Q: 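Below: one structure in structure tokens.
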Amino acid sequence: MALIVQKYGGTSVGSVERIQAVAQRVYKTVKAGNSIVVVVSAMGKTTDGLVKLATEISPNPNRREMDMLLSTGEQVTIALLSMALQELGQPAISMTGAQVGIVTEAEHSRARILHIETTRLTRHINAGKVVVVAGFQGISSVGEMEITTLGRGGSDTSAVAIAAALKANFCEIYTDVPGILTTDPRLVAEAQLMDAISCDEMLELASLGAKVLHPRAVEIARNYGVPLVVRSSWTDQPGTWVTSAKPQGRSLINLEIARPVDAVEFDTNQAKVALLRVPDKPGVAARLFGEISRQKVDVDLIIQSVHEGNSNDIAFTVTTPILKRAEAVATAIAPALRSQSNPKSDEAEVMVEHNIAKVSIAGAGMIGRPGVAAKMFATLAEAGVNIQMISTSEVKVSCVVNAAQCDRAVTALRTAFEIEAGEQGSRGAGESACIDSPLPLRPSAPLPNCPPVRGVALDLNQARLAIRQLPDRPGMAAKLFGLLAQHNISVDMIIQSQRCRVIDGVPRRDIAFTVSRIDGENAKKMLTQVAAELGWGEVVLDSAIAKVSIVGAGMVGQPGIAAKMFEALAQQQINIQMIATSEIKISCVVAQEQGVKALQAIHAAFELAGSEKFVVPA
Ligand code: ADP
Ligand code: ASP
Ligand code: MG
């Protein structure tokens, strides 16, 4: 007999008939000898409807009252599903987040779970009842016992957290698609179903726009080793398993806010090649990385900053032994990247930097916590370390620094994030990184027989901010991202320009990053004020962007993946505005109206399509 947590999303409980069908499935699972806790979402598009009502009354509704309002949606479903189960003769009881004791931070509309009381749940389960719990909601522990919500899509997180707290055998997420597909089937009907995907890959995909799972649910599954499967509510197909290594016992106290950083890693075996002032037009990155891949040069980080005038800088890192080859390729291709009609002498200048090191912090608890990256930058600034390049992913922030400062940087970060020496990763020539740590720090090995790219995601809800001419000295990134963190604005894809310009005797660089579109205007207003006070340049906001990304653990050490992605975009005449990579993902910012076309082109280029077409039920 197993203890199973099942979660049913909005479409799956969208009508009385569907609730009855869910009750049938739950009943069958109980009759097969299992104990079940069911977590449900609000019916259909109820939550969207409630949001609309609120915005008809106030353009900027009070967050406490929003939680009061939105939490009602799930309360309807739990009562109806319990009734449906009781009609089948199955004892059941509905419970709100507060009644269960899902204790969260007192942070309305984006609360993180601190712990889950299991006493009442267990008592009802032991009495033979199915417990039907309202997803997406909790109760704050301090002061007034306020109703909180976890953020849109948060019922997945409720379910996995309950599974972790109850040490359930597994957690099933029932939804309107047969599992996790290579991309959103609403955008590419031939998207293919996967049998399994690693937590690391899913964490990236979910954070990069694949809304089939809430990223925080994947984070909890990864941290607590909860076996997780995504399945269709309409069929008995097995769905997709999200696999994770069995972690060492981790406390269930401060469930979602315990240590955000698990390790500090470094790699002193890196060199950087930058091409400055290449034309800002489709096809440039494709040509450069196409040639690099033909020469079998494996690049690590790739960064393309926001354009200045009509030119871009593209930089990449390689391991030192292949630097000569990488430099030769860049130098050979540079003339072809100059504008053919009107070449200027300073176009496509190749810049090589030998003595660099990559220093990273890694951990699954960074998602949506802007303070973590800010703390890294502040720590480096306090240690007098200047940051040359920044590359971010959901589970890692990497900074390229001067190699001579690497030891100092690592020691400071280890102290700041309370990482024991034994948990530290390092990487020497050709070795793979990372020594005994409580969690796999490197992306878990690709699953057997998997293609290097597993999935493609599109995020149409981002905006890009650029700050021109920030002084190039320690502490600037810390200041900037510290301010954003104070305003609770999460930042993604941070990119510093390679180009350094001396203005009023001070070397300066541009820095660009993406934020959620809803935070764009606020961030711009706040930063414009600060920029005026501190003598920074202009703050530029572009809300019409799309971020398209590929994810796969198998792309590590495989030259040519980036080139293929850039080539697919070039063929469609899609200009790449920014590029950022981590070990297992590559993201490009493109114009918003080209987002869907970009996704489709990339999905096709990696031959991810299957022969079957999906029709997603309404
Ligand atoms: P639920 O209401 O069940 O939580 P969601 O709408 O939150 O469902 O998530 C399911 C939807 O996620 C699918 O209908 C699909 O459009 C979308 N989706 C995006 N990317 C993917 C992907 N890679 N695989 C499967 N579904 C995806
Ligand atoms: N009902 C909430 C939403 O629509 C939570 C969820 O469904 O996961 O965002
Ligand atoms: Mg969902």
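Just so it is clear, the values below take in all heavy atoms, side chains as well, and ignore hydrogens, waters and symmetry mates. Remember, it's 1-based here, ligands and their atoms both numbered in the order they're listed. Just so it is clear, the structure is predicted and the values come from calculations on it, not from any experiment. In this chain, residues are counted from 1 in sequence order.
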Q: Applying a 4.0 Å heavy-atom criterion (strictly less than), which segment of Glu74 is in contact with ligand 2: side chain, backbone, both, or neither?
A: side chain
Q: Considering only protein heavy atoms, which is closest to atom 21 (C) of ligand 1, and at what distance to one decimal place?
A: Asp184 CA, 3.7 Å
Q: Just distances here: any N/O of Gly10 and N/O of ligand 1 closer than 3.5 Å?
A: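 Indeed, backbone or side chain, Gly10 has an N or O that close.
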Q: For ligand 1, is any non-hydrogen atom under 4.0 Å from Val212's backbone (N, CA, C, O), its side chain (CB onward), both, or neither?
A: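 It is both parts that get close, each with some atom under 4.0 Å.
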Q: Looking only at heavy atoms, is any part of Thr183 under 4.0 Å from ligand 1, and if so is it the side chain, the backbone, or both, or is it neither?
A: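 Thr183 to ligand 1: backbone contact only, side chain stays beyond 4.0 Å.
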Q: Looking at Gly154, which atoms of ligand 2 are within less than 4.0 Å of one of its heavy atoms?
A: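 Those qualifying, in numeric order: 5 (C), 8 (O).
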Q: Check this for me: Glu87, atom CD, are more than 12 non-hydrogen atoms of other residues, nucleotides or ligands nearer than 6.0 Å?
A: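 Count not over threshold, so no.
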Q: Quick check on side chain to side chain donor-acceptor pair (under 3.5 Å): which of Arg216, Lys211, Lys7 does Asp156 satisfy it with?
A: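 Of all the options given, the one that passes is Lys7.
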Q: Among all protein heavy atoms, pick out the one at the shortest distance from atom 25 (C) of ligand 1; state its residue, atom name and that distance to 0.1 Å.
A: Gly179 O, 3.4 Å
Q: Which residue holds the protein heavy atom closest to atom 5 (P) of ligand 1, what is that atom called, and what is the gap in Å?
A: Lys211 CE, 3.7 Å
Q: Does ligand 2 have any atom sitting under 4.0 Å from a heavy atom of Gly73?
A: no
Q: For ligand 1, which is the ligand I care about here, please tell me if Asp156 has any N or O atom under 3.5 Å from one of the ligand's N or O atoms.
A: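 N/O-N/O distance below 3.5 Å does not exist for this pair.
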Q: Among Ile113, Val226, Val242, Asn223, whose side-chain contact (heavy atoms from CB on, under 4.5 Å) with Val160 holds?
A: Val226
Q: What do the steps show when you test Asp459 against Arg517 for salt bridge (Lys or Arg N to Asp or Glu O under 4.0 Å), and what is the final call?
A: CA-CA 10 Å; Asp459 191 342; Arg517 177 148 326 119; over 6 Å; no
Q: I'd like to know whether CD of Glu56 has more than 12 heavy-atom contacts from other residues, nucleotides or ligands below 6.0 angstrom.
A: yes
Q: Parallel, tilted or perpendicular, judged at 30° and 60°: which one describes the rings of Tyr174 and Tyr8?
A: parallel
Q: With a 3.5 Å distance limit and no angle check, can you tell me whether Arg18 reaches the backbone of Thr11 through a side-chain donor-acceptor pair?
A: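 A pair under 3.5 Å: yes.
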Q: Backbone or side chain, does any N or O of Asp156 fall under 3.5 Å from an N or O of ligand 2?
A: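 N/O-N/O distance below 3.5 Å does not exist for this pair.
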Q: With Ile586, which of Ile602, Val551, Ile550 fulfils side-chain contact (heavy atoms from CB on, under 4.5 Å)?
A: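 For Ile586, the side-chain contact (heavy atoms from CB on, under 4.5 Å) test succeeds with only one of Ile602, Val551, Ile550, which is Ile550.
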Q: Check each of Val38, Ile4, Val132, Leu88 against Val26 using the side-chain contact (heavy atoms from CB on, under 4.5 Å) test, and report the only one that passes.
A: Val38
Q: Is Asn169 reaching over with its side chain to a backbone N or O of Leu3, donor-acceptor style, under 3.5 angstrom?
A: yes
Q: Under 4.0 Å from a heavy atom of Arg152: which atoms of ligand 2 are those, numbered in the order shown and with their elements?
A: 3 (C), 4 (O), 9 (O)
Q: Identify the protein heavy atom lying closest to atom 7 (O) of ligand 2, giving its residue, its atom name and the separation to 0.1 Å.
A: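 Atom 7 (O) of ligand 2 sits closest to the protein heavy atom Ser41 OG, 2.9 Å.
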Q: Kindly determine whether Thr148 and Asp67 satisfy side chain to side chain donor-acceptor pair (under 3.5 Å), including the steps that lead there.
A: CA-CA 6 Å; Thr148 52; Asp67 277 359; 5.5 Å; no
Q: Heavy-atom contacts with Val177 under 4.0 Å: which atoms of ligand 1 show up? List them by number with element.
A: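 Close to Val177: 13 (C), 14 (O), 25 (C), 26 (N).
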Q: I need the nearest protein heavy-atom contact for atom 4 (O) of ligand 1: residue, atom name and distance, please.
A: Lys7 NZ, 3.0 Å
Q: Quick check: Thr47 and ligand 2, any N/O pair under 3.5 Å apart?
A: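 In this structure, Thr47 places an N or O atom under 3.5 Å from an N or O of ligand 2.
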Q: Hey, does Ser12 come in under 3.5 Å of ligand 1, counting only N/O atoms on both sides?
A: no
Q: Are there more than 12 heavy atoms of other residues, nucleotides or ligands under 6.0 Å from atom CD of Glu521?
A: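 No, because the 6.0 Å sphere around CD of Glu521 holds 12 heavy atoms or fewer from other groups.
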Q: Among all protein heavy atoms, pick the one closest to atom 24 (N) of ligand 1 and tell me residue, atom and distance.
A: Leu181 N, 3.0 Å
Q: Can you sort out which atoms of ligand 2 are near Ser155, meaning under 4.0 Å from one of its heavy atoms?
A: 5 (C), 6 (C), 7 (O), 8 (O)
Q: Could you identify the single nearest non-hydrogen protein atom to atom 8 (O) of ligand 1 and state the distance to 0.1 Å?
A: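 For atom 8 (O) of ligand 1, the nearest protein heavy atom is Thr175 OG1, 3.2 Å.
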Q: Would you check whether Asp176 has a nitrogen or oxygen atom less than 3.5 angstrom from a nitrogen or oxygen atom of ligand 1?
A: yes
Q: Purely on distance, is any nitrogen or oxygen of Gly153 under 3.5 Å from one on ligand 2?
A: yes
Q: A quick test of your reading: do over 12 heavy atoms of other residues, nucleotides or ligands sit less than 6.0 Å from CG of Asp195?
A: no
